[in-house]
Amino acid sequence: MLGFVGGGIVGLPASGPLAVCGRRRRAVRICMGKKSADVDVSGGEKKEGTAESIESLIERVEALKEEAVTSLKEASDLRELDQLRVSLIGKKGSLSSVLKSVGKLAPEDRPKLGQVVNRAKADLEELIPNLKDELEAKAFDAQMEEEWVDVTQPGLLFNQIGYRHPLIATMDRTVNIFSGLGYDIIDDPEQSPEIETDWFNFEALNTPPDHPARDMQDTYYLTEDKKNLLRTHTSAVQIRYMTNNKPPFKICAPGRVYRRDAVDATHTALFHQIEILNLQKKGEVHLGHLKGTVIYFLQKIFGDDVEVRFRGSYFPFTEPSLEVDVFFRGKWLEVLGCGMVDPRVLENCNIDPEEWSGFAAGFGAERFAMVTHQIPDIREFYKNDLRFLNQFTGLNIE
Ligand code: DAH
């Protein structure tokens, strides 16, 4: 047996020094025999000393080209196409290998073989880019099919992407009402920090260390000297603002506050308050304005026909002080504290009480949310239980 290696021949009959072989049909490999002279291509039999004729070689080149075209067209991906290109028309490829027989040809036949081989190569070279384009298009189509997305389809998790927590929705609603009344919203950490000093949280609000009102606001102190603490109410923002700004102003400060309370259905150690302060030239705002503002706000929250009750009360930082109840779903509910700002508080902020006066109010966001949505237990707000939260998907900003 001469001149070829292995099985799976795709080129010529397994007869010449030039045979195409490979494990797989498409992985074409052209193998050269040791001596072209050993081969008689016409009959597949070895004839010592006879050179293969030019006609036979040309015929083989043509046949090889045809086979190559078929193989190239059958390439299933770009990698395979490239491998075939190298093995067929590369420098050491099967077509170039035919040229090795050139030396055995008569001189006048040599250019003929060269021409035929070059033409065959050129034809294949021309074919390959088209096949490449086809394969690329096919690969692209396959990828498109695999990564198919319907961009018009509504999000499957649409309802679970997120919506406002009922507490945040209540705060936003409140803030929007006061914003509509011309109040500036103060909620940045510079002007409304959650870590406060004793001065801003208590003393400047007329609540010295031995004051019994401190007992109502059990505190998380952060330092041994009790000078730094987690603020117990947003009233501290009043002091900061009055210290750093010149009246007149109207501010609304929503934020987190902390108390060392035992957790139960109506108490948590962290909760939210909203504070308002309206300070104007002395005499411009009086208790009537405070009551009007509070009633307007409560009507927006509970509805126009809500019944509102003011009761005299006591806060160290207001004089007079009032507590406010609403009659809601059959009973009186205490909803906020308010009053005219105590002159001593103004003095603590270097504001002349002979020149300026105003009112303040503060209330808990949780309490409002509990009352308006009939939530019986404050702890529900913090459990992140979706069965609870999913009931409030429709809360929108008004
Ligand atoms: N800071 C008070 C508290 O946490 C609530 C309060 C009452 C705020 C009266 C005020 C006010 O501004 O005037 O209990």
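Each ligand, and each atom within it, is numbered from 1 in the order the structure gives.
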Short list, please: which atoms of ligand 1 are under 4.0 Å from a heavy atom of [X]?
{"X": "C338", "result": "9 (C), 11 (C), 13 (O)"}
{"X": "G339", "result": "13 (O)"}
{"X": "A360", "result": "12 (O), 13 (O)"}
{"X": "T318", "result": "13 (O)"}
{"X": "Q273", "result": "3 (C), 4 (O)"}
{"X": "E275", "result": "8 (C), 10 (C), 12 (O)"}

query: Given R259, H233, R231, which one has a non-hydrogen atom that is nearest to atom 14 (O) of ligand 1?
result: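 Considering heavy atoms of R259, H233, R231, the nearest to atom 14 (O) of ligand 1 sits in R259.
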
query: So does D172 pair up with R164, basic N to acidic O under 4.0 Å?
result: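 Yes, D172 and R164 are salt-bridged.
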
task: Please report the closest heavy-atom contact between L346 and S357, naming both atoms and the distance.
output: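 L346 and S357 have their closest heavy atoms at CD1-CA, 4.4 Å.
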
- prompt: What distance separates M370 CE from L333 CG, expressed to the nearest 0.5 Å?
  reply: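 That separation rounds to 10.5 Å.
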
Side chain, backbone, both or neither: which part of [X] has a heavy atom under 4.0 Å from ligand 1?
{"X": "A361", "result": "backbone"}
{"X": "S235", "result": "side chain"}
{"X": "F317", "result": "side chain"}

field: N or O contact, Q238 vs ligand 1, cut-off under 3.5 Å
entry: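 Indeed, backbone or side chain, Q238 has an N or O that close.
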
task: Scan F271, F328, F297 and name whichever one has a ring-ring contact (aromatic ring centres under 6.0 Å, His included) with F368.
output: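 Running ring-ring contact (aromatic ring centres under 6.0 Å, His included) over F271, F328, F297 with F368 returns exactly one hit, F297.
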
message: Using the rule ring-ring contact (aromatic ring centres under 6.0 Å, His included), only one of Y241, W356, Y183 pairs with F249; which is it?
response: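 That would be Y241; it is the only one of Y241, W356, Y183 passing the ring-ring contact (aromatic ring centres under 6.0 Å, His included) with F249.
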
message: To check your reading of the model: name the closest protein heavy atom to atom 5 (C) of ligand 1, its residue, and the distance in Å.
response: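 The closest heavy atom on the protein side is G362 O, 4.1 Å.
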
message: Given 3.5 Å as the limit, does a donor-acceptor pair link the side chain of H233 with the main chain of N201, or not?
response: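 Yes, the answer is positive, given that a donor and an acceptor are paired below the 3.5 Å cut-off.
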
query: With a cut-off of under 6.0 Å to the ring centre and 45° to the axis, is K383 in cation-pi contact with F388?
result: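 No, K383 and F388 do not form such a contact.
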
Worked check of side-chain contact (heavy atoms from CB on, under 4.5 Å) between E146 and Q143: CA-CA 5 Å; E146 200 171 307; Q143 191 188 1; 5.6 Å; no

